[in-house]
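Residue numbers run from 1 in the order of the sequence given. Model, not experiment: these values are computed from the prediction.
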Amino acid sequence: DYVYGGNAQRWIRMANTLKLRLYLHMLNANAVTPEVVNTFVRGLDANTTTGFMTAVADDFQQRFETTANRQNPTHQFILTRTD
């Protein structure tokens, strides 16, 4: 696990935060009601262990290596350009 080092609680917080973001987009498109979003938030707000992302340590970042074929794909593309 290159992102959270196997920490399941961080993965759950990231998933809950992403789900909330999707709910908010769906709310703007009238695909869900405000009650659905409120119920979701209230259900997770009480659980600080697996609630939402709240700290920099929860940040979702892919760590790339310096070895070939494990570097950032954009960086690899720039290195292979001939111009």
Side-chain angles (χ1 to χ4, degrees):
D1 178 6
Y2 289 111
V3 180
Y4 291 129
N7 187 323
Q9 290 177 345
R10 285 185 176 169
W11 276 107
I12 292 169
R13 284 193 297 259
M14 190 278 297
N16 289 336
T17 303
L18 182 61
K19 187 173 183 179
L20 177 61
R21 182 172 167 82
L22 291 172
Y23 269 146
L24 293 175
H25 283 287
M26 292 170 66
L27 182 66
N28 287 336
N30 296 322
V32 297
T33 63
E35 291 77 23
V36 171
V37 178
N38 286 335
T39 302
F40 176 68
V41 171
R42 273 189 247 123
L44 293 175
D45 198 31
N47 189 348
T48 57
T49 305
T50 58
F52 298 104
M53 297 170 74
T54 58
V56 175
D58 293 332
D59 196 13
F60 185 84
Q61 292 185 6
Q62 176 66 46
R63 290 169 178 80
F64 295 104
E65 299 178 13
T66 58
T67 58
N69 296 323
R70 291 192 172 190
Q71 297 171 324
N72 182 321
T74 304
H75 178 70
Q76 287 180 342
F77 173 73
I78 291 170
L79 289 178
T80 60
R81 292 182 66 182
T82 57
D83 59 349

Measure the spacing between CD1 of I12 and CE of M14 and express it to the nearest 0.5 Å. 10.5 Å

Rounded to the nearest 0.5 Å, what's the gap from CD1 on I78 to CG on N72? Could you check? 8.0 Å

Minimum-distance pair of heavy atoms, taken over all atoms of F52 and R13: O-CD, 3.4 Å

Check residues 23-32 and write down every donor-acceptor pair under 3.5 Å in which the side-chain atom is one partner and the other belongs to a residue at least two apart or another chain.
none

Do the side chain of Q71 and the main chain of T66 share a donor and acceptor less than 3.5 angstrom apart? yes

Going by salt bridge (charged side-chain N to carboxylate O under 4.0 Å, His left out), name the residues that satisfy it together with R21, two or more places apart in sequence or in a different chain. none

Just how far is it from atom OG1 of T17 to atom CZ of F60, taken to the nearest 0.5 Å? 12.0 Å

Sequence neighbours left out, what passes side chain to side chain donor-acceptor pair (under 3.5 Å) with N7? Give chain and number order. none

How long is the span from the NE2 atom in H75 to the OG1 atom in T80, to the nearest 0.5 Å? 10.0 Å

Donor-acceptor pair, distance only, cut-off 3.5 Å: does the side chain of N16 make one with the backbone of G51? yes

Distance from N38 atom CG to E35 atom CD, nearest 0.5 Å? 7.0 Å

